A.B. asks: 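Dumping the structure here so I can ask a few things about it.
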There are 2 protein chains.
Amino acid sequence: MNTHNYNVIYKGDCLKYLSDISLLPDKSVDLIVTSPPYADKRKDSYGGVHPEKYVEWFLPISKQLKRILKNNGSFILNIKEHPLNGERQTYVIELILELKKQGWLWVEEYCWYKKNSFPGKWPNRFRDSWERCLHFAKQNDIKMYQEAVKIPIGDWAEKRFKSMSDNDFIRHASGNNRHLGRKVANWLNKRKVFPHNVLGFEKEHYNFPSNVLNFATECSNKNHSAVFPLELPSWFIKLFTSKDDIVLDPFMGSGTTAIACILLERKFIGMEMVDEYVKEIKKNINKVNKELDKNIVYKIKQ
Amino acid sequence: MNTHNYNVIYKGDCLKYLSDISLLPDKSVDLIVTSPPYADKRKDSYGGVHPEKYVEWFLPISKQLKRILKNNGSFILNIKEHPLNGERQTYVIELILELKKQGWLWVEEYCWYKKNSFPGKWPNRFRDSWERCLHFAKQNDIKMYQEAVKIPIGDWAEKRFKSMSDNDFIRHASGNNRHLGRKVANWLNKRKVFPHNVLGFEKEHYNFPSNVLNFATECSNKNHSAVFPLELPSWFIKLFTSKDDIVLDPFMGSGTTAIACILLERKFIGMEMVDEYVKEIKKNINKVNKELDKNIVYKIKQ
DNA sequence: GTTCCGCATGAATCGATAG
DNA sequence: ACTATCGATTCATGCGGAA
């Protein structure tokens with residue numbers, strides 16, 4: 001793929017571009033990560049896809065995605081069905097079955113646990129604080145950089161030391177290494193910083209994560225109705241790609257995936273049909289370029 | 001339903017008893033909460049149900065459950081599909097679709113987040129730390145006591161719990177019964193099950209929960225080997241029933257649901273086909289009766 | 001009477017080896 | 001070719017003995 005074909009936003013219906021072999025050749029993309037419009041939601045911006053038409057609307061898109069994805073690549077689909085008439089709708093689980101018929105392997109279902117989800121309760125349910133991140137692949141043997149997403153032992157980041165006594169803390173930190181425990185104890189009294197930066201914290205003090213992801217939702221982004229925090233695509237990008245790999249997001253929204261790619265030094269390709277969002281993407285990329293003193297060249301195409 | 005028909009464990013295949021109208025009349029049960037054997041798991045004790053036969057195996061059971069459940073009752077199904085040949089199996093989502101065809105409403109999917117899940121990582125996945133708790137109902141308007149499962153508010157509550165010694169807690173939880181030992185404190189699961197009873201906790205310090213439940217699995221607790229932790233059925237029992245309501249668990253295992261019912265003053269009905277587990281249930285109920293100085297009369301029937 | 005620490009273990013999963 | 005068994009891997013938790 002030549003340099004004209006990445007760091008691009010295509011303006012318009014994604015299916016048109018995804019079907020164009022000259023723009024997106026077979027097996028040319030390392031990761032697809034996207035959060036498509038949910039059925040019957042966001043009517044104002046996307047016109048809304050009817051729940052009963054959702055699967056048939058999505059399948060031609062996923063067919064092209066399968067063509068475009070490299071054989072050892074991954075496809076992450078962030079989605080959650082909303083309740084309708086007191087019931088969870090079934091189009092997502094029907095979609096899983098249809099994607100399998102299309103030849104995709106359903107590798108995993110990650111649970112994105114949104115701690116600060118929108119509050120509320122209803123007569124037969126509480127607030128919905130998790131979404132599905134469905135992981136599909138073309139073959140069993142996929143690229144996966146598990147070391148890249150290791151987390152501090154004992155989930156410190158989440159607790160932020162608040163609930164842990166110093167003794168507990170030292171015990172977690174040291175394991176059977178008493179010397180380190182003391183070091184950490186000393187450090188504890190001086191500064192409270194994110195543990196990645198702590199002297200004496202090496203790789204062996206990190207654990208692998210699980211299939212439950214704990215990222216907060218972003219509340220500040222009012223211009224795009226799908227809240228997709230930077231951490232979410234970032235996590236999957238780190239897990240499934242390496243530097244300069246190519247990441248595709250056919251429903252870019254306000255460009256979170258593109259921003260994540262810039263920050264992580266990956267190439268992005270995106271589609272977005274709503275003018276307002278495309279403007280938003282430009283604004284966001286320019287802002288990142290400026291603030292990080294980067295000069296990522298990108299194009300908007302139509 | 002007369003008193004002979006509750007606080008009973010039926011020994012044998014649950015479908016036999018579930019089909020008996022004289023034992024389990026129509027619309028006679030307030031809540032069904034169960035964790036059936038997962039496909040191809042627990043082969044030693046249950047023989048294992050093949051993934052491809054799972055749905056057809058379960059449907060006759062769920063048909064009877066629908067007959068037995070009160071119209072405003074709930075059915076909670078705890079299950080998780082395991083990977084096979086690198087893919088998540090599909091029998092659970094197929095089961096959801098079939099249960100809907102059977103007339104069930106799929107109200108909600110609760111996510112049980114098990115922080116202490118079995119460790120491990122593999123070439124294409126991390127460890128599985130969540131299970132589905134599928135909520136089905138017969139009608140839109142269901143019984144739901146949302147106040148009963150309110151949870152302590154954030155940091156304040158955590159600090160409060162941490163600063164409270166086990167002894168304080170046991171005293172509060174047990175009232176004036178000094179014979180309650182440490183083991184019983186664990187049974188009651190001091191910090192999670194009954195926070196309402198703790199001195200200093202008033203209503204304004206509680207929030208409503210979400211559809212993500214955070215309970216640890218019980219791993220090396222030899223006092224009662226439970227497949228699901230006491231908190232899990234307890235939470236749903238508090239949420240969907242009131243005192244003296246009737247709770248059914250067609251796959252009792254070691255009797256966790258029965259224990260939860262005794263602690264929460266509900267009536268239980270259960271089935272279990274493995275002799276070893278039935279013995280375990282008896283042992284566990286007797287122990288609770290003794291340690292809590294209760295005298296719950298129950299019967300094992302065959 | 002406490003607190004601390006060692007250690008076993010749990011509805012796990014994969015890939016290699018054996019029958 | 002297909003199934004069965006086994007070893008290596010991995011971590012939060014609670015029990016029980018030690019300090």
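Just so it is clear, the model here is predicted, and its values are computed rather than measured. Reminder, nothing fancy here: chain letters follow the sequence lines and each chain counts from 1.
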A.B. asks: What integer distance in Å separates E81(B):CD from dT13(C):C1'?
C.D. replies: 15 Å

A.B. asks: With sequence neighbours left out, what residues match W122(B) under ring-ring contact (aromatic ring centres under 6.0 Å, His included)?
C.D. replies: none

A.B. asks: Which one, dA12(D), dA11(C), dT10(D), comes nearest to the side chain of F118(B)?
C.D. replies: dT10(D)

A.B. asks: Mind checking ring-ring contact (aromatic ring centres under 6.0 Å, His included) for Y17(B) and listing every partner two or more places apart, or none if nothing turns up?
C.D. replies: Y10(B)

A.B. asks: Among all residues two or more places apart in sequence or in another chain, which pass the ring-ring contact (aromatic ring centres under 6.0 Å, His included) test with F240(A)?
C.D. replies: H135(A)

A.B. asks: I need the NZ-P distance between K115(B) and dC11(D), as an integer number of Å.
C.D. replies: 13 Å

A.B. asks: Which residues pass the side chain to side chain contact (heavy atoms under 4.5 Å, CB included) test with S210(B), sequence neighbours left out?
C.D. replies: R127(A), S129(A), V212(B)

A.B. asks: What residue pairs, at least two apart or across chains, pass salt bridge (charged side-chain N to carboxylate O under 4.0 Å, His left out) with a residue in residues 73-87 of chain B?
C.D. replies: K100(A)-E87(B), K80(B)-D128(B), E81(B)-R132(B)

A.B. asks: On a whole-Å scale, what distance lies between the C1' atoms belonging to dA19(D) and dG1(C)?
C.D. replies: 13 Å

A.B. asks: Do K121(B)'s NZ or CZ and the ring of F126(B) fall within the cation-pi criteria of under 6.0 Å and 45°?
C.D. replies: no

A.B. asks: What interatomic distance, in whole Å, is found between C1' of dT10(D) and the corresponding atom of dT9(C)?
C.D. replies: 12 Å

A.B. asks: Who pairs with Y54(B) by ring-ring contact (aromatic ring centres under 6.0 Å, His included), at least two apart in sequence or on another chain?
C.D. replies: W57(B), Y91(B)

A.B. asks: K121(B) NZ to dT9(D) C1': how many Å, rounded?
C.D. replies: 8 Å

A.B. asks: Taking 4.0 Å as the cut-off, does a side-chain nitrogen or oxygen of N116(B) come that near to OP1 or OP2 on dC11(D)?
C.D. replies: no

A.B. asks: With sequence neighbours excluded, what pairs up with L84(B) under the side chain to side chain contact (heavy atoms under 4.5 Å, CB included) test?
C.D. replies: Q89(B)

A.B. asks: So, Y110(A) versus F236(A), ring centres under 6.0 angstrom or not?
C.D. replies: yes

A.B. asks: What nucleotide among dA12(D), dT10(D), dT13(D) has an atom nearest to a side-chain atom of P119(B)?
C.D. replies: dT10(D)

A.B. asks: To the nearest Å, how far apart are W130(B) CH2 and dA11(C) C1'?
C.D. replies: 16 Å

A.B. asks: How long is the line joining CH2 of W112(B) and C1' of dA12(D), in whole Å?
C.D. replies: 14 Å

A.B. asks: Given dT13(C), is OP1 or OP2 found less than 4.0 Å from the side-chain N or O atoms of H82(B)?
C.D. replies: yes

A.B. asks: Calculate the interatomic distance between H50(B) atom NE2 and dC2(D) atom P; express it in whole Å.
C.D. replies: 13 Å

A.B. asks: Round to a whole Å and report the spacing from OH of Y277(B) to P of dA11(C).
C.D. replies: 9 Å

A.B. asks: Tell me: CD of E131(B) to C1' of dA12(C), nearest whole Å?
C.D. replies: 11 Å

A.B. asks: For a stem of at least 3 consecutive Watson-Crick or G-U pairs with distances under 3.5 Å, i pairing with j, i+1 with j-1 and so on, which stems involve DNA chain D?
C.D. replies: C:2-10 with D:11-19, C:12-19 with D:2-9

A.B. asks: Which atoms of nucleotides 14-17 of chain C (N or O only) lie under 3.5 Å from a protein N or O atom, and what are those distances?
C.D. replies:
residue, atom, partner, partner atom, Å
dC14(C), OP1, R125(B), NE, 3.1

